[in-house]
Chemist: 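Input: one structure, supplied below.
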2 protein chains.
Amino acid sequence: MSGATNPDLAVRLREAGLRPTRQRVALARALFEVEHRHVTAESLHAEAKAGRNPVSLATVYNTLNQFRDAGLLREVVVAPGRSYFDTNTGHHHHFYVETDGELHDFPSDKVTIAGLPAPPKGTRLSRVDVIVRVRR
Amino acid sequence: MSGATNPDLAVRLREAGLRPTRQRVALARALFEVEHRHVTAESLHAEAKAGRNPVSLATVYNTLNQFRDAGLLREVVVAPGRSYFDTNTGHHHHFYVETDGELHDFPSDKVTIAGLPAPPKGTRLSRVDVIVRVRR
DNA sequence: CAAGCAGTTTAGAACAATTCTAAAACTGCA
DNA sequence: TGCAGTTTTAGAATTGTTCTAAACTGCTTG
């Protein structure tokens, strides 16, 4: 079962304008066939290498960037040199546990942010990131 | 006038547990004797080098980290490999213009964030960062 | 006010994260 | 199946930051 090709993923990639190559599909499966995940390039690379679909680190970086640009992933920068890719692209925010580098989602349903000033003129809103930093 | 030593800065550094050395005072003057600023290590280093108080890049990094640890500065990470130090340590949030890397403060007076979930158990709140990302 | 020691600075090496390069390997279409 | 354009790859290069070890400086003491 785990060796089978998932046609949905191939379709999803094609719709994003990306050819469903062996490597991209392998990474997409690791990312999207399970619950929401937070990965770094290094962690995903280690995972792929350990599994039966080794993918070079350069390709992991390329693919994560392409997935992000295509809207399949969201990048969250929590600290200098610490960047996560989040498979949850819906509206939500993050807890970041500074003492051990963990990142957790929380839904934005209940959260309301009021009174934000208008974007500087000549710019349009791209996204509002809320990172709640906590420590143990 | 601009060559004079500012005793307040020396005091402020000493209170932070830092010896007021020539280099630290020079950087503190560049940072704190004007309106609130957003600097990077590189930009501050370039500035110091151009002025009459050249300071090595290593010292700029050390000093920024010390100032941040002492609460004199706040670090804002906006993108991978892009970290600003903000001389405004009060409550406020940021606009980040993704297309050109600019960072702007905005006061948090008017902004209310309601409905944030409680921190994960075993952790205590450190800070809530709100970054409003915009593009031209 | 000289001496000495801990704290600081520095250039350069080292390191970590990410991107680039150029060549080999693929993918998809004709 | 052949072929043109994409994609992958290893390794080099780049970028941002920290480390190292030696020289220097600020502060305290005798």
Chemist: Please report, rounded to the nearest Å, how far the C1' atom of D:dT8 is from the CG atom of A:L18.
Modeler: 14 Å
Chemist: Strictly by ring pair (Phe, Tyr, Trp, His ring centres under 6.0 Å), give each pair with a member in residues 42-74 of chain B just once, sequence neighbours left out.
Modeler: B:F32-B:F67
Chemist: Round to a whole Å and report the spacing from NE2 of B:H45 to C1' of D:dT15.
Modeler: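 For the pair B:H45 NE2 and D:dT15 C1', the rounded distance is 15 Å.
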Chemist: So do A:V130 and A:I113 actually touch side chain to side chain, heavy atoms under 4.5 Å?
Modeler: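 SC-SC contact between A:I113 and A:V130 confirmed.
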Chemist: Taking side chain as C-beta onward, heavy atoms only, is A:I131 less than 4.5 Å from B:R127?
Modeler: no
Chemist: Heavy-atom count around A:H104 NE2 within 6.0 Å, excluding the residue itself: above 12?
Modeler: yes
Chemist: Hey, are B:Q23 and B:T59 close enough side-chain-wise for a donor-acceptor pair under 3.5 Å?
Modeler: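 Note: B:T59 and B:Q23 side chains miss the donor-acceptor criterion.
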Chemist: Mind running a 4.0 Å heavy-atom check of residues 58-75 of chain A against DNA chain C and sending the residues that fall below it, in number order?
Modeler: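 Of all residues in residues 58-75 of chain A, the ones placing a heavy atom under 4.0 Å from DNA chain C are A:A58, A:Y61, A:N65.
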Chemist: Please give, in whole Å, the distance from C:dA17 P to A:L44 CG?
Modeler: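 Atom-to-atom, A:L44 to C:dA17, this comes out as 15 Å.
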Chemist: I'd like to check the ring-ring contact (aromatic ring centres under 6.0 Å, His included) partners of B:F95; sequence neighbours left out, ordered by chain and number.
Modeler: B:F106
Chemist: Between atom CG in B:L13 and atom P in C:dG7, what is the gap in whole Å?
Modeler: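 The distance from CG of B:L13 to P of C:dG7 comes to 17 Å, rounded to the nearest Å.
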Chemist: Please state how far atom CG in A:L57 lies from atom C1' in D:dT9, giving the value in whole angstrom units.
Modeler: 11 Å
Chemist: Output the distance between atom CG (B:D129) and atom NE2 (A:H93), rounded to the nearest 0.5 Å.
Modeler: 13.0 Å
Chemist: With heavy atoms under 4.0 Å as the rule, sort A:S83 into base, sugar-phosphate or nothing.
Modeler: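 If one applies the 4.0 Å heavy-atom cut-off, A:S83 turns out to touch the sugar-phosphate alone, with no base involved.
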Chemist: Within the structure, does a side-chain N or O atom of B:R24 lie under 4.0 Å from either OP1 or OP2 of C:dT9?
Modeler: yes
Chemist: Using ring-ring contact (aromatic ring centres under 6.0 Å, His included) as the criterion, list what pairs up with B:H92, not counting sequence neighbours.
Modeler: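 ring-ring contact (aromatic ring centres under 6.0 Å, His included) check on B:H92 returns B:H94.
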Chemist: Could you state the atom-to-atom distance from CZ of A:R82 to C1' of D:dG16 in whole Å?
Modeler: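 Atom-to-atom, A:R82 to D:dG16, this comes out as 16 Å.
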Chemist: So if I define the base as every atom that isn't primed, P, OP1 or OP2, how would nucleotides 25-30 of chain C read as a B/S/- string at a heavy-atom cutoff under 4.0 Å?
Modeler: -SBS--
Chemist: With sequence neighbours left out, write down each residue that passes side chain to side chain contact (heavy atoms under 4.5 Å, CB included) with A:Q66, or none if nothing qualifies.
Modeler: A:L18, A:R24, A:N62, A:T63
